[in-house]
Amino acid sequence: MPTLWSQTLIPTARQVPAEAEVPSHQLLLRAGYIHKLGSGIYDYLPLGVRSLHKVMAIIRDEMAAAGAVEVFMPTLQPVELWEQTGRRTAYGDNLFVVRDRHSREQALGPTHEEVITTLVGAYVESYKQLPLTLYQIQTKFRDEFRPRFGILRSREFQMKDAYSFHLALDGPGGLDETYRKQFDAYCRIFKRCGLPYEIVEAESGPIGGSASHEFMVPSPTGEDVILKSDQGNYAANVEKCEIGTRTYDLAFAPTGTLEDVHTPSCPGIDDVAAFFKKNLKTKLKPQNMLKTLVCRAGNLWLIAVVRGDHELNLAKLRVVCGMHEIDLAPDAEARDAGFTIGFVGPHVAVNRDDVLLVVDPDAAQGGFWVTGANKIDHHVKHFNWQRDVITARGQRLVRKLKAAWENKPGFDRASAMTGQRDWDPDQEILIADIRNAGDGDPSPQNDSGTLRATKGIEIGHVFKLGDKYTKALDVTVLDEGNQRKHPIMGCYGIGVNRILAAAIERDAGHDDHGIIWPASIAPYTVLITPIKYEGALRDTADQLAAQLEALPGIDVLIDDRDERAGVKFKDADLIGIPLRITIGDKALANGQVELKARTAQKADLVALADVPQHVMQLLKGL
RNA sequence: CGGGGUGUAGCGCAGCUUGGUUAGCGCGCUUGACUGGGGGUCAAGAGGUCGCAGGUUCGAAUCCUGUCACCCCGACCA
């Protein structure tokens, strides 16, 4: 049945709510798709729900085709489950926790690894039942630090999450096979949703695991940074992106005598640069400074050094050091341990046997360096690696430290060796890629490609999880040899409402007049606009609507309101229905109506009898 | 959690500095007339605990204190 505009709720607005910054947020509000209830909480109005359902239908179709089976798991989850897997801490404040009447804590699930693993553990006993891929479409909760951009970063959102279980990585029924299937299904889903997307290598984050890809819609409003090689053979997000081989040289001759500079109240790179310019009349660029960050790993300290204009990447640091427990040290603790936070320099490691130095290649160079003096309110200039650290430190200290480090419980040599690193005992210092990649860096393919940075919206993410959850929750399955094994898992997520926002944010997703939907996820495919909903115009509208709805994949909205034509046209453009049929007296007298694509400049006159055929024809291209 | 800002009609805002009758404007809404193919015109209306609580004062939207909500910039996040 076609929908009558007057019978549904489409509260369009001429003015943009002040709080909306990005096009998708503004237009979804103005066009009456969503309504804000609180920070990061939205109602989905009839149009919004229809689009959401269309996306879900495509997802369900492709999940079925990929052999995944739908379940529905609870939003309310015992917080103990999260404690068992260690993710209560890992998620931290992002995890919504509510108390029930017995003041027991429950988590509002931001994802369902714990629950699905428990479920599978309850019923799957034999290798014969594997592989198994289950999925759901559920409301998820994240207590976002800062909800933003409307539906793009809300505290409550719809997610499709699939989980697969296997006993092996490769071979038939292995994780690789299902990962590939889901990966391919994602490509089809996003294509069918009309989204331009790119696939990038990603860090798996707090979910953990070994391999991971993100599906991104390129958009200047995206919150994620993607780096792509201009050779077209590598793409990754900024957390993951490796950097091609860079040379370094620690043995460079000093540029001058190490000299203290009084820099009162200048703890930051920018502060120091500004201070030099203002008070010393010297131009000091951030790339001539060394950023020295104090990290902690149990009872050892880790000094990470990157160039002043670069950013430390903790994930890389963890991999390079083979320790997952590395974090930036809280200021207070670092101060207690003798680090003058804000004024630390690499030579703080010289006389300490509890400090390991890890230096990014771009910081491991000769030349003029300014860095912290390890004294409050002081920096040094003419810092030199060879003179001020290597010679001063001596090899024995370093060897001892290295041994201490590698004997630490939790040290993962295999992981440490996968990172690009160089731990030559003669160099005394661990040199490794520990910073975020940026525009202009060499591609890790080392094929003389250069990385270029763009922004994107993450709409999908696939991971290989391994046995993290089955181990933590002790879920086992009997294999062919009657041995208990922890199955390995894959995990595959899609942000359903983000697809709507991304469809609008994409290049062709909107213009000055409103939304331009891909036909597959528009709330209606056809909008019929009789100039007046009376007499012959009304009859024609009703008949056409009935005819069109009988066709596959077509649903119709009739603008039956007693509004001026101009109002109807403006609203039509705003809500973005792909096809509009305008019925007016003059054309109808000739047995014709006007057919116009949302994207077309002008309407075509089409004979009534030919409308269905023309509609089908036009839709193919939308 | 830091820094900044805003709460006045459904939406967008003015009024607040320098307290003073019935708190305004635009859009939207209701009724009527004229109109009728890209947000029309005129007329008459409805609609407000001025975020909340306390204080100062003869008198508070306006000054003070507290509190809540929301937004923006930082925070390594689907």
Side-chain angles (χ1 to χ4, degrees), chain A residues 11-21 25 29-30 32 35-41 90-95 109-112 138-161 202-207 212 214-216 222-225 237-240 268 293 311-318 327-328 435-436 457-463 491-499 501-502 513-514 529-532 534 537 561-574 580 582-588 594 596 602-603:
Chain A
T12 58
R14 202 186 297 203
Q15 275 160 326
V16 189
E19 71 210 29
E21 292 186 284
H25 191 194
L29 285 168
R30 273 190 63 207
H35 169 252
K36 179 168 135 174
L37 186 59
S39 179
I41 321 175
Y91 254 88
D93 291 338
N94 275 182
L95 188 68
T111 171
H112 282 69
Q138 244 292 18
T139 301
K140 308 281 184 167
F141 295 85
R142 294 178 65 98
D143 194 354
E144 282 294 341
F145 175 77
R146 192 173 156 200
R148 241 199 298 205
F149 303 143
I151 226 181
L152 273 173
R153 179 163 299 280
S154 51
R155 295 197 292 176
E156 182 177 333
F157 56 98
Q158 299 301 123
M159 184 160 136
K160 187 257 15 177
D161 47 329
E203 202 50 56
S204 43
I207 288 191
S212 157
E214 283 176 352
F215 292 75
M216 315 280 277
E223 290 186 87
D224 294 285
V225 176
N237 72 13
V238 69
E239 282 81 30
K240 166 77 178 180
L293 298 138
E311 286 172 7
L312 175 67
N313 181 318
L314 267 178
K316 286 185 180 181
L317 187 65
R318 290 186 187 120
D327 270 302
L328 275 177
R435 68 167 173 90
N436 283 342
I457 299 165
E458 181 184 352
I459 48 171
H461 202 159
V462 291
F463 310 80
C491 154
Y492 320 92
I494 291 180
V496 183
N497 9 28
R498 269 193 182 178
I499 288 182
H513 303 292
T529 308
I531 294 301
K532 250 183 171 337
E534 282 175 11
L537 298 187
R561 295 174 301 169
D562 182 20
E563 287 287 355
R564 313 191 117 236
V567 174
K568 293 189 176 194
F569 294 151
K570 288 287 184 190
D571 274 348
D573 287 345
L574 182 58
R580 188 177 89 203
T582 307
I583 306 177
D585 288 314
K586 284 174 217 147
L588 192 60
E594 292 159 50
K596 178 185 173 300
K602 281 189 173 175

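- A distance-only check finds no donor-acceptor pair linking the side chain of A:Asn237 to the backbone of A:Ala202 [under 3.5 Å].
- Among the heavy atoms of the strands lying under 4.0 Å from A:Ser154 is at least one base atom, whether or not backbone atoms are also near.
- Applying the 3.5 Å distance criterion, the base of B:rG39 shares no donor-acceptor pair with the side chain of A:Glu563.
- Remark: the A:Arg14 side chain and the B:rG38 base include no donor-acceptor N/O pair separated by less than 3.5 Å.
- No engagement by A:Asn497 is indicated, since no non-hydrogen atom pair under 4.0 Å with the nucleic acid exists.
- Base pairing annotation: B:rG28 forms no Watson-Crick or G-U wobble pair, as no partner gives both donor-acceptor distances under 3.5 Å.
- Residue A:Lys160 is out of contact with every strand shown, counting any heavy-atom pair closer than 4.0 Å.
- Among the protein residues, A:Lys568 comes within range of no part of the nucleic acid, since none of its heavy atoms lies under 4.0 Å from any strand.
- You'll find a donor-acceptor pair under 3.5 Å spanning the side chain of A:Arg153 and the base of B:rC77, going by distance alone.
- Figure legend. B:rC52 is base-paired to B:rG66; pairs are counted as Watson-Crick or G-U wobble with both atom distances under 3.5 Å.
- A:Lys596 contributes no side-chain N or O that, together with a main-chain N or O of A:Arg580, makes up a donor-acceptor pair within less than 3.5 Å.
- Residue A:Gly584 is in base contact, counting any heavy-atom pair closer than 4.0 Å across all strands shown.
- Proximity of a side-chain donor or acceptor of A:Arg30 to a complementary backbone N or O of A:Ala13 within less than 3.5 Å is detected.
- No donor-acceptor pair under 3.5 Å is formed between the side chain of A:Asp161 and the backbone N or O of A:Gly493.
- Using atom C1' as the reference point in both B:rU8 and B:rG15, the two lie 9 Å apart (nearest Å).
- With P as the reference atom, B:rA60 and B:rC50 are 12 Å apart, rounded to whole Å.
- Taking atom P in both B:rG28 and B:rG20, one finds a spacing of 32 Å when rounded to whole Å.
- Contacts of A:Asp93 with the nucleic acid, taken as non-hydrogen atoms under 4.0 Å apart, are absent.
- Remark: B:rC16 base-pairs with no nucleotide; criterion is Watson-Crick or G-U wobble with both hydrogen-bond distances under 3.5 Å.
- Of the possible donor and acceptor atoms, none in the side chain of A:Arg435 sits under 3.5 Å from a partner among the backbone N and O of A:Asn313.
- Looking at heavy-atom distances under 4.0 Å, A:Glu156 makes no contact with the nucleic acid at all.
- Separation of the P atoms belonging to B:rA46 and B:rC1 is 45 Å when rounded to the nearest angstrom.
- Judged by Watson-Crick or G-U wobble contacts below 3.5 Å, the nucleotide B:rU57 has no partner.
- Residue contacts shown for A:Asn436 are absent, as no nucleic acid heavy atom lies under 4.0 Å away.
- You'll find a donor-acceptor pair under 3.5 Å spanning the side chain of A:Arg564 and the base of B:rG40, going by distance alone.
- Between the side chain of A:Lys160 and the main chain of A:Tyr492, a donor-acceptor pair closer than 3.5 Å is present.
- Applying the 5.5 angstrom centroid cut-off and the 30 degree plane-angle cut-off, the aromatic ring of A:Phe157 is stacked upon the base of B:rA78.
- Among residues two or more places apart in sequence or in another chain, the ring pair (Phe, Tyr, Trp, His ring centres under 6.0 Å) test is passed with A:His112 by none.
- Checking B:rU21 for Watson-Crick or G-U wobble geometry (two distances, each under 3.5 Å) identifies no partner in any strand.
- Among the protein residues, A:Leu317 comes within range of no part of the nucleic acid, since none of its heavy atoms lies under 4.0 Å from any strand.
- For the C1' atom pair drawn from B:rG40 and B:rU35, the interatomic distance equals 7 Å after rounding to whole Å.
- Following rounding to the nearest Å, A:Tyr91 (OH) and B:rC76 (P) show an atom-to-atom distance of 17 Å.
- One C1' atom belongs to B:rC13, the other to B:rG54, and the distance between them is 29 Å to the nearest Å.
- We find that the ring of A:Phe569 and the base of B:rG37 do not stack by the test of centres under 5.5 angstrom and planes tilted less than 30°.
- Going from the C1' atom of B:rG5 to that of B:rA43 covers 42 Å, rounded to whole Å.
- As judged by a 4.0 angstrom heavy-atom cut-off over every strand, A:Glu21 is placed among residues touching the sugar-phosphate backbone only.
- Taking every side-chain heavy atom of A:Arg148 into account, B:rC72 is the closest of B:rC72, B:rG37, B:rC70.
- Contact annotation for A:Arg580: base contact, defined as any heavy-atom pair under 4.0 Å involving a base atom.
- Remark: B:rG74 base-pairs with B:rC1; criterion is Watson-Crick or G-U wobble with both hydrogen-bond distances under 3.5 Å.
- Pair assignment for B:rA33 gives B:rU41, based on Watson-Crick or G-U wobble hydrogen-bonding distances that are each under 3.5 Å.
- When the P atom is compared between B:rA78 and B:rG3, the two are found 28 Å apart, to the nearest whole Å.
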